[in-house]
Amino acid sequence: MKRIGVVTAGGDAPGMNAAIRAIVRSATYNGLEVIGIERGYAGLFEGRYRILDRRSVSGIINLGGTILRTIRCEEIKTDEGIKRAAEFLKSIRIDGLIAIGGDGTFRGASRLYRASGIPMIGVPATIDNDVAGTDTTIGFDTAVNTALDAIDKIRDTATSHERIFVVEVMGRRRGFLALEVGLAGGAEIILIPEIKVDLEKVCDRIKRDREEGKVSEIIVMAEGAGDSRQITEYIARETGQNVRLAVLGHIQRGGVPTARSRILACEFGYKAVELLLTGESKRMVGIRGSEITSVDLDYSWMTEKEIDLSRHRLAEILSL
Ligand code: F6P
């Protein structure tokens, strides 16, 4: 093993840069050369890459986004694309590739491994935290805190104006972010794709709240739980209350990574290089409790990650 590649793909997540730094510094410490593939998997088709030496990753541990950039790439999803990308990796003499991203990124990496035989290691980084085989992902903690900060501010207005706020957070398919943020923010109601949304029940809860003297409610919903605009209108109509919608959007994907996201990135990056050096060829790095572990790369995207629904119940009880 002489030369390894690193790529960031899928949606950006705070801490990706800290992971790139950790990979480059761990690899150079072990005498490896590192190539950074630019613009996600698109760089494999465009021939865009650059050498990353120790100094090239100075001052990035605290930066959101990814210095390598990440473009949504459709070509990598096709058989022809995989063939071309595998050929390109061979042509630049890559002995191993570390892919930083989410389940889509790992699916691509896994197919690239089968087509090229080049070892592939996944480093989970997504604010959705929807990757099986790891308790948490790089960027998740930062996104939770960003959304929480917004919700705390929204609550000031909700209370002052005796309003209901529907706050839509990211999570196209899964509700990890909404659940975490909802519990931490003291939300009265949390709507996630994993639990069938029952708007009648939501309205009953609000009516009961008001009878019992509550003056405002925060409803945190994952974007994948339904149409937030329609839900807001329905609740306003059925309860007769003043309801507002706040869509937090992409502010949740950016910003300075928290200490937790950075430390995870440091540990994951180091472990990824270690896995390549010990001859592993298709793994994803993860964390279980406080232990840095790894699972088969295919497990990460073929398995549906379990969500802890007891937290949903807990949030409901604690916000009564
Ligand atoms: O990074 C994952 C995610 O944040 C999803 O929760 C969201 O639906 C999606 O990315 C939106 O990303 P984009 O705007 O890049 O398509």
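Computed over heavy atoms, backbone and side chain alike; hydrogens, waters and symmetry mates excluded. For ligands, and for the atoms within them, numbers begin at 1 and follow the listed sequence.
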Protein residue, atom and distance nearest to atom 10 (O) of ligand 1, heavy-atom basis: R253 NH1, 2.9 Å
query: What are the atoms of ligand 1, with element, lying closer than 4.0 Å to any heavy atom of E223?
result: 5 (C), 6 (O), 7 (C), 8 (O)
query: Is the closest side-chain donor-acceptor distance between T126 and T137 under 3.5 Å?
result: no
- prompt: Can you tell which of I35, N30, I23 makes a side-chain contact (heavy atoms from CB on, under 4.5 Å) with I4?
  reply: I23
- request: Verify whether one side chain among T258 and D141 offers a donor that lies under 3.5 Å from an acceptor in the other.
  value: yes
Heteroatom distance test (G11, ligand 1): nitrogen or oxygen, under 3.5 angstrom: no
- request: Side-chain contact test, heavy atoms from C-beta onward, threshold under 4.5 Å: evaluate it for L177 versus Q252 and give yes or no.
  value: yes
field: Sidechain-backbone polar pair: R3 side chain, L32 backbone, donor-acceptor under 3.5 Å
entry: no
Short N or O distance, T126 and ligand 1, threshold 3.5 Å exclusive: no
- prompt: Considering only the protein, which heavy-atom contact is closest to atom 13 (P) of ligand 1, and what is its distance?
  reply: R72 NH2, 3.5 Å
message: side-chain hydrogen bond (donor to acceptor under 3.5 Å, both in side chains), that's the test. Do D298 and S110 meet it? Break it down for me.
response: CA-CA 7 Å; D298 285 327; S110 184; 2.4 Å; yes
message: For atom 4 (O) of ligand 1, what is the closest protein heavy atom, and at what distance to 0.1 Å?
response: M170 SD, 3.0 Å
query: Looking at atom 5 (C) of ligand 1, what's its closest protein heavy atom, distance included?
result: D128 OD2, 3.3 Å
message: What protein heavy atom lies closest to atom 14 (O) of ligand 1? Include the residue and the distance to one decimal.
response: H250 NE2, 2.7 Å
